[in-house]
Amino acid sequence: MEKQTINILATGFMPFNNETINPSYEALKRLSQNWDPNKGKLTVIELPVSYEKAPRILIEHIQKLRPDYVIFVGQAGSRQGITPEKIAVNWKEATIKDSEGYTAAGEKIRADGEDGLFTTLPIKEMVQNIKKRKIPASVSYSAGTYVCNTLMYCVLDWIRQNKEFSNIQAGFIHVPYLTEQILDKPGLPSLSLEQITQGLEAAFEVLNRQ
Ligand code: PCA
């Protein structure tokens, strides 16, 4: 019987908060350049760090590409390792602006939405598989309250509400700074581009076993 191949849509972010690079998109680009098509189809897109545009652009791509899995990746500067997120909360609040100049002072993402939505990705298995490659990883129980959390919340909410797409499994993975980003930030953890790319590859590998 012919092996069924999976269709993955993965997103990274543009640089933000005075950085010139975002490891999420850099690692996904590298991963897609070396992607073995026998593992399925991988599409990578780069999203603006915007509360409003990021979910809108991603939902347009989901409708076009009809993936089996949607994995959003973002930078979380203080993290020690690769951290798949368990939950998105219905809240946005940050001192820094988004790419449109908007500052979320503390407000619900959806006025009448659930307080929280869980990932539908196999995150424990992903963490185990990343650690097998000797790359630090753990489950995170907070995606923060900035754009990454909003993207995860909006897309999980949209998938839930659109029955035609409800088979899609989706969730967020935060990655640490690249070593080149912490040269002037003493004490902050980092990983190399190679480690982050390998870590994401290990996370994606789990999807083929489901
Ligand atoms: N990280 C931010 C937004 C974009 C990114 O890469 C976050 O954690 O919300």
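Counting starts at 1 for both ligands and their atoms, following the listed order.
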Check against side chain to side chain donor-acceptor pair (under 3.5 Å), E85 and S140: CA-CA 5 Å; E85 299 292 345; S140 159; 2.7 Å; yes

Test salt bridge (charged side-chain N to carboxylate O under 4.0 Å, His left out) applied to R133 and E201, step by step: CA-CA 10 Å; R133 299 205 192 185; E201 185 183 59; 2.6 Å; yes

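Residue N22 has at least one N or O atom closer than 3.5 Å to an N or O atom of ligand 1. Residue H174 has at least one N or O atom closer than 3.5 Å to an N or O atom of ligand 1.
Closest protein heavy atom to atom 5 (C) of ligand 1: F16 CE2, 3.2 Å.
Annotation for ligand 1: atoms under 4.0 Å from non-hydrogen atoms of V147 are 9 (O). Remark: ligand 1 atoms within the under-4.0 Å shell around heavy atoms of Q75 are 1 (N), 2 (C), 5 (C), 6 (O), 8 (O). Distances below 4.0 Å separate heavy atoms of G74 from the following atoms of ligand 1: 6 (O).
When hydrophobic clusters are built by joining Ile, Leu, Val, Met, Phe, Trp and Tyr residues whose side-chain heavy atoms come closer than 4.5 Å, directly or via intermediates, V206 is not grouped with F72.
Contacts between Y146 and ligand 1, counted as non-hydrogen atom pairs separated by less than 4.0 Å, involve both the backbone and the side chain.
Of all heavy-atom pairs between V155 and L58, the closest is CG2-CD2, 3.8 Å.
Note: W91 and Y153 fail the aromatic proximity criterion, with ring centroids not under 6.0 Å apart.
Remark: among candidates S50, C148, P23, the nearest residue to atom 9 (O) of ligand 1 is C148, based on non-hydrogen atoms.
The closest side-chain heavy-atom distance from I45 to Y25 is not below 4.5 Å.
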